[in-house]
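When a ligand or atom number is given, it counts from 1 through the structure's own listing order. Small disclaimer: the values here were computed from a predicted structure and weren't measured.
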Amino acid sequence: MTSTASMTKPPRENAPPPGATESLILAETDGAVGIIRFNRPKVLNALNPELMTQLADQLEAWDADDSLHVLLITGGDRAFAAGADIGDMAERSVVEMEQRNQFATWDRIRRVRKPIVAAVSGFALGGGCELMMMCDVVVASETAQIGQPEINLGVMPGAGGTQRLTRAVGKAVAMDMILTGRFMDAGEALQRGLVSRVVPPEHCYTEALKIARLMASKGPIALRIAKEAVNKAFESSLAEGVEYERKLFYMLFATDDQKEGMRAFVDKRRPKFEGK
Ligand code: DAK
C-alpha cells in the first residue's frame with residue numbers, strides 16, 4: 001500500500017488487518033522520493049520470493065511515475081536484510097530452483113532507471129548485500145554488518161555477489177569475504193568503497209532521505225542518464241565506457257533541463273528542472 005507522508009522516520013512496521021494479504025514492504029512518498037521499507041522484522045527481513053515480487057512491482061510502478069525522481073530502500077534497525085529466505089530454499093531441487101526463475105525478479109530491479117538510495121542498518125547479508133550493491137548510493141549506519149556468508153550454507157552468492165563485490169572491493173577482499181563468509185563492518189565498507197557514507201544509527205534514515213531529496217531536486221533526465229553511465233563502468237572496458245559516456249553526455253544537450261541548468265548558472269539563479 002502506498003501512502004504519502006512527510007517524515008523523518010521510515011514507514012512504520014505494521015501488521016496487516018485480519019484476513020488481508022500480508023504486506024512485506026511498506027511504501028510511501030515524500031515529495032519526489034518514493035520510500036520502501038522491508039516489513040519482515042521477525043526474520044531480519046529475509047528476502048522471500050513474495051517480498052522480492054512486491055519490491056519489484058513497487059519499484060517498477062514508481063519508475064514509471066513522473067512525479068517521483070528518486071527511490072529509497074530501507075530495512076529495520078537490526079537488519080537491512082539478512083539474505084534470501086533460507087527456509088524457503090532449503091529443500092528445493094535444482095529443477096524447482098530453475099523453474100521458479102527468481103532471477104527474473106532481480107533483473108526487474110536491476111533495470112530500474114531512477115536512482116535508488118539504500119539506508120542500511122544492521123545486517124546486509126547474502127541477497128541483502130547483493131540488493132544493497134544494486135542500489136546507487138548507500139548510507140550505512142555504524143551498526144552495519146555486510147557480508148556474503150552463503151559459503152556457510154554450502155552454496156555461493158547467486159544474485160550478482162561474486163561479480164559486484166569483486167568490482168567494488170577488488171579480488172583479494174572479495175575472495176576473503178566470499179570464501180570465509182566473514183562480515184565487514186561499516187568502517188571497513190566505507191574504506192573499501194562498498195558504501196557511500198557512514199553515519200550514527202539514529203541518523204541513517206534521515207541522512208539517506210536528505211540525500212534522496214537533494215538528488216530529487218536535480219534534473220530527472222540527467223539523474224537517470226548519469227546512473228546509466230556509471231553502471232556502464234561495471235559492464236565494459238574503460239574505452240567502451242568512455243565512448244558510451246560521451247554519447248550520453250552529448251544526448252543531454254537535447255534536453256530542456258540542460259538549457260535550464262546552464263542558463264540558470266549563467267543568470268546566477270536556481271534552476272527549475274522540468275524533466276524534459
Ligand atoms: N532466512 C530466513 N530466516 C532468517 C534469515 C534468513 N536469511 N536470517 C535470519 N533469519 C531468522 C532466524 O531464523 C531467526 O528466526 P527465529 O528462529 O526467531 O524464528 C530470526 O531471523 C532472528 O535470527 P537469529 O536468531 O539467528 O539472530 P542472531 O542475531 O542470532 O543472528 C544473523 C543474526 C544474521 C547472524 C543470523 O540470523 C544469520 O546468520 N542469518 C543467516 C544469514 C545468511 O546466511 N544469509 C545468506 C542467506 S543465502 C537467488 C537470489 C539470492 C539468493 C539466492 C538465490 N535467486 C534469485 C534464485 C541469496 C541467497 C542468500 O542470501
Legend entry - Protein non-hydrogen atom found under 4.0 Å from atom 7 (N) of ligand 1: yes
Legend entry - Nearest-neighbour protein heavy atom for atom 14 (C) of ligand 1, which is reported as residue plus atom name and distance: Lys42 O, 4.4 Å
Inset, instruction - Answer yes if a protein heavy atom lies under 4.0 Å from atom 33 (C) of ligand 1, otherwise answer no. - result: yes
Inset, instruction - Could you tell me whether atom 10 (N) of ligand 1 has a protein heavy atom closer than 4.0 Å? - result: yes
Inset, instruction - Report yes or no: does a heavy atom of Pro149 sit under 4.0 Å from some atom of ligand 1? - result: yes
Inset, instruction - Give a yes or no on whether the backbone of Lys114 and the side-chain of Arg224 come within a donor-acceptor separation of less than 3.5 Å. - result: no
Legend entry - Sidechain-backbone polar pair: Asn45 side chain, Ala79 backbone, donor-acceptor under 3.5 Å: yes
Legend entry - Donor-acceptor pair, side chain of Ser237 and main chain of Glu240, under 3.5 angstrom: yes
Inset, instruction - Could you tell me whether the side chain of Asp85 and the main chain of Ala46 form a donor-acceptor pair under 3.5 Å? - result: no
Inset, instruction - If you have a sec, work out which protein heavy atom is nearest atom 39 (O) of ligand 1 and how many Å separate them, to one decimal? - result: Leu125 CD1, 4.9 Å
Legend entry - Heavy-atom pair of closest approach, residues Ser141 and Ala186: O-CB, 3.3 Å
Legend entry - Atom indices of ligand 1 within 4.0 angstrom of Trp106 heavy atoms, with elements: 50 (C), 51 (C), 56 (C)
Inset, instruction - Give the C-alpha distance, both sets of side-chain angles, the deciding distance and a yes or no for side-chain contact (heavy atoms from CB on, under 4.5 Å) between Met52 and Ile109. - result: CA-CA 9 Å; Met52 291 304 294; Ile109 297 169; 3.6 Å; yes
Inset, instruction - Just go through Gly126, Ala82, Gly83 and tell me whose heavy atom is the nearest to atom 43 (C) of ligand 1. - result: Ala82
Legend entry - Those atoms of ligand 1 less than 4.0 Å from some heavy atom in Ala159: 50 (C), 51 (C)
Inset, instruction - Kindly indicate whether atom 19 (O) of ligand 1 is approached by any protein heavy atom to under 4.0 angstrom. - result: no
Legend entry - Gln145 to ligand 1, any heavy atom closer than 4.0 Å: no
Inset, instruction - Please collect all salt bridge (charged side-chain N to carboxylate O under 4.0 Å, His left out) contacts where either partner lies in residues 129-138, sequence neighbours excluded, each pair once. - result: Asp136-Lys227
Inset, instruction - Can you pull out the closest protein heavy atom to atom 36 (C) of ligand 1? Residue, atom name and distance to 0.1 Å, please. - result: Leu44 CD1, 4.7 Å
Inset, instruction - For Ala46, counting its heavy atoms only, list the atoms of ligand 1 lying under 4.0 Å from any of them. - result: 1 (N), 2 (C), 6 (C)
Inset, instruction - May I ask you to identify the nearest protein heavy atom to atom 52 (C) of ligand 1, giving residue, atom name and distance to one decimal place in Å? - result: Ala84 CB, 3.6 Å
Legend entry - Under-4.0 Å salt bridge between Lys259 and Asp256: no
Inset, instruction - Without swapping roles, check the side chain of Asp257 against the backbone of Glu274 for a donor-acceptor pair under 3.5 Å. - result: yes
Legend entry - Donor-acceptor contact present, side-chain Ser196 to main-chain Val137, <3.5 Å: no
Legend entry - Per atom 48 (S) of ligand 1, closest listed option by heavy atom (Asn152, Asn101, Leu153): Leu153
Legend entry - Protein heavy-atom partner closest to atom 21 (O) of ligand 1 - residue, atom, separation in Å: Val43 CA, 3.3 Å
Legend entry - Under-4.0 Å heavy-atom contact between protein and atom 27 (O) of ligand 1: yes
Inset, instruction - Compare Glu98, Arg78, Arg100 and give the one whose heavy atom is closest to atom 24 (P) of ligand 1. - result: Arg78
Inset, instruction - Determine whether Ile73 and Leu55 make a side-chain contact, defined as any pair of heavy atoms from C-beta on separated by less than 4.5 Å. - result: yes
Legend entry - Any donor-acceptor N/O pair, Gln148 side chain to Pro157 backbone, under 3.5 Å: no
Inset, instruction - Tell me, with the steps shown, if Arg263 and Arg269 meet side-chain contact (heavy atoms from CB on, under 4.5 Å). - result: CA-CA 9 Å; Arg263 278 174 194 155; Arg269 60 176 172 82; 4.1 Å; yes
Inset, instruction - Would you confirm whether any non-hydrogen atom of the protein falls under 4.0 Å from atom 16 (P) of ligand 1? - result: no
Inset, instruction - Hey, could you give me each pair passing ring pair (Phe, Tyr, Trp, His ring centres under 6.0 Å) that has a residue in residues 69-112? Not counting sequence neighbours. - result: Phe38-Phe80
Inset, instruction - Indicate whether atom 61 (O) of ligand 1 is within a distance of less than 4.0 angstrom of some protein heavy atom. - result: yes
Inset, instruction - Report, in ascending order of atom number, the atoms of ligand 1 lying under 4.0 Å from any heavy atom of Gln102. - result: 56 (C), 57 (C)
Inset, instruction - Give the residue and atom name of whichever protein heavy atom lies nearest to atom 1 (N) of ligand 1, and the separation in Å to one decimal. - result: Ile86 N, 3.0 Å
Legend entry - Heteroatom distance test (Gly127, ligand 1): nitrogen or oxygen, under 3.5 angstrom: yes
Inset, instruction - Take every heavy atom of Asp85, measure it against each atom of ligand 1, and state whether any distance is under 4.0 Å. - result: yes
Inset, instruction - Keeping the roles fixed (side chain from Ser23, backbone from Ile25), state whether a donor-acceptor pair exists under 3.5 Å. - result: yes
Legend entry - Single hit among Ile146, Val120, Ile116 for side-chain contact (heavy atoms from CB on, under 4.5 Å) with Val138: Val120
Inset, instruction - Considering only non-hydrogen protein atoms, determine which one is nearest to atom 57 (C) of ligand 1 and report residue, atom name and distance to 0.1 Å. - result: Phe103 CZ, 3.6 Å
Inset, instruction - May I ask whether atom 55 (N) of ligand 1 is less than 4.0 Å from at least one protein heavy atom? - result: yes
Inset, instruction - Quick one: look up the protein heavy atom nearest atom 53 (C) of ligand 1 and list residue, atom name and how far away it is. - result: Met89 SD, 3.8 Å
